[in-house]
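Not measured: the values here are computed from a predicted model. Reminder, nothing fancy here: chain letters follow the sequence lines and each chain counts from 1.
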Amino acid sequence: MICGLFVLSQGEVSVLLLTDAMTENKLFQLCYRKGTCIPSRMVVLYARPNQLAVNRLGITTGKKLGNAVCRSRARRLIRQAWRENELDAPIGLDIVIVARTRLLEENAVSLSHYLRKYGIPALHRVYADKPMRRKG
RNA sequence: UGAGCAGACUAUGCGGCAGCGGGAACGUUUUCAGGUCCACGAGGAAAGUCCGGGCAUCACAGAGCAGGAUAGCUGCUAACGGCAGCCGAGGGCGACCUUAGGGCAAGUGCAACAGAAAAUAGACUUCCGCCCCUCUGCGGCGGUAAAGGUGGAAUGGUGAGGCAAGAGCUCACCGGAGUGCAGGAGACUGCACUGCCGUGUAAACCCUAUCCGAUGCAACGCCUAUUGGUGCUGACCGUCUUAACGCUGGCUCGGCGGACGGUACAGCAAGGGCGGCUCAAGCGAUACGGCGACGUACCGCUUAGAUAAAUUGCCGCACACGACAGGACCCGGCUUAUCGGUCUGGUCACGGC
RNA sequence: UGGGGUGUCGCCAAGCGGUAAGGCAACGGACUCUGACUCCGUCAGUCGGGGGUUCGAAUCCCUCCACCCCAA
């Protein structure tokens with residue numbers, strides 16, 4: 001879903017897939033059952049190490065959120081927040097983000113702020129051995 | 001001025017920064033990926049999936065039955081259960097609105113409770129006359145045809161004449177039926193005559209007329225990695241057999257196929273990619289034909305094509321302070337949700353001239 | 001996306017044109033020193049919503065809503 005090329009600040013060009021899309025139901029189920037759960041008011045994060053050099057992101061917007069317009073909005077908000085914060089995340093994880101009903105009352109800034117302050121640090125605490133793209 | 005009716009259109013706008021989708025061009029590069037830049041990027045319902053088509057495949061989809069859909073008439077349309085105009089019925093003072101509106105005179109079924117009786121003929125009570133008699137009553141014989149509290153519905157209704165008492169028995173009007181004439185493209189309408197006529201329900205079975213092959217883009221076509229001998233097809237070998245069995249939409253006719261096991265030779269299915277995929281029964285303007293739905297001619301325009309799935313985030317300004325809501329093969333309808341705004345044409349009431 | 005089905009007291013349900021059965025639960029009473037079991041009685045229904053056909057609709061028809069299942 002979010003495939004991209006990342007140019008390092010030193011000027012050295014390397015082809016890196018930042019985040020891959022998670023498509024199979026099997027992987028989602030594995031994350032729910034065996035992964036780490038980080039709940040919060042707006043979203044729930046599930047994470048589980050994969051044996052790859054990239055992250056894989058899955059977004060769940062269930063029927064409880066509302067109609068198609070509400071679900072699409074939730075997806076957009078999550079995707080936007082992830083785009084702003086994916087550089088800080090550890091590498092080599094399968095991550096599922098589940099939207100909750102309260103998310104629709106918030107705007108994108110608060111979700112992005114939450115991820116930077118609490119979500120990503122929590123991933124680092126659990127998976128301290130994983131490398132990351134930039135420090136601090 | 002107020003109230004109300006019908007139809008059509010519209011669906012916050014502008015700017016800045018960052019971001020997303022596919023596309024054209026530029027230019028870098030062996031190629032891919034990426035970069036720069038340009039214009040474009042959800043709806044009136046995209047929804048529900050209730051109908052109708054296009055398109056694709058199946059290979060007989062043939063014949064008949066069964067099953068399903070529709071139901072005033074005439075048209076429109078690719079088609080429709082849609083739309084337009086008209087007819088009938090009902091509602092509204094009116095503009096106008098609603099209407100599954102064929103056939104119970106082919107057959108069958110049902111009509112609870114109440115009521116004398118609920119579908120087919122009359123029985124019962126009442127009424128009238130005569131006879132017997134204990135002479136009021138009761139009983140018997142006969143006449144008459146609908147008066148009988150009910151019910152949604154009672155053998156046409158109301159009034160008058162008539163009679164022993166009554167009765168379409170007779171008459172007038174109304175309703176309904178049949179026949180004829182006239183008008184209309186038709187549904188149907190009008191008039192005249194006959195004549196006295198047994199309910200309601202087919203959104204009960206059913207009958208009549210018309211229509212319907214099935215499955216759906218996750219259809220289907222092409223390319224390809226790997227795996228497996230699991231499933232299917234062909235080929236080869238062996239065994240059994242000429243009547244069964246299997247397939248062919250549910251059944252019958254008809255049609256097609258011998259069946260089972262082994263070999264692992266060939267192909268297919270299962271993953272991924274590409275096509276299908278958006279220029280089309282397309283949209284807009286004008287003219288002509290038509291009451292209208294719509295059609296014809298000519299000119300102009302190109303307007304999403306994603307594949308875990310793109311339209312956003314933040315900020316500023318304006319005001320009416322922003323509803324319902326997001327494409328997934330594509331169209332035509334219907335139905336449902338919806339903050340408001342604009343325009344057009346009728347109607348009624350009150351007031352003024 | 002396509003196809004199929006179900007909605008009836010608080011729960012499980014029967015009824016398919018004519019008064020909405022039954023069981024569990026709840027409440028009251030009896031039995032018991034008390035409770036359970038058992039027995040007797042009571043209560044509770046917009047038949048998912050709206051419209052239509054019919055004299056009459058939970059039932060027939062149309063249309064909306066909610067939920068469930070199947071293919072992928």
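- Taking the side chain of A:L77 as heavy atoms from C-beta on, and the options B:G313, B:G327, B:U312, the nearest nucleotide is B:G313.
- Remark: the separation of the C1' atoms in B:C197 and B:G156 is 8 Å, to the nearest Å.
- Here the side chains of A:W82 and A:I59 are not in contact, with every heavy-atom distance at 4.5 Å or above.
- Within the shown strands, nothing qualifies as a pairing partner of B:U242 under the Watson-Crick or G-U definition with both distances less than 3.5 Å.
- The nearest pair of heavy atoms linking A:L111 to A:L77 is CD2-O, 3.7 Å.
- The shortest distance between the side-chain N/O atoms of A:R79 and the OP1/OP2 oxygens of B:A309 is below 4.0 Å.
- Because its glycosidic torsion is within 90° of 0, B:G346 is reported here as syn.
- When Watson-Crick and G-U wobble pairs are counted only if both distances are under 3.5 Å, B:C171 pairs with B:G159.
- B:G289 and B:A309 have their C1' atoms separated by 49 Å, given to the nearest Å.
- Residue A:R73 has no polar side-chain atom (N or O) positioned under 4.0 Å from OP1 or OP2 of B:A325.
- Considering A:R75, A:R71, A:R100, A:R76 as possible partners of A:T61, the one that fulfils the side-chain hydrogen bond (donor to acceptor under 3.5 Å, both in side chains) test is A:R75.
- Side-chain contact between A:V44 and A:T60: absent, with no pair of heavy atoms (C-beta onward) separated by less than 4.5 Å.
- Toward the 5′ end of RNA chain B lies the nearest nucleotide of A:V109, the other residue of the pair A:V69 and A:V109 mapping further downstream.
- Glycosidic conformation of B:A42 is syn; the angle stays within 90° of 0.
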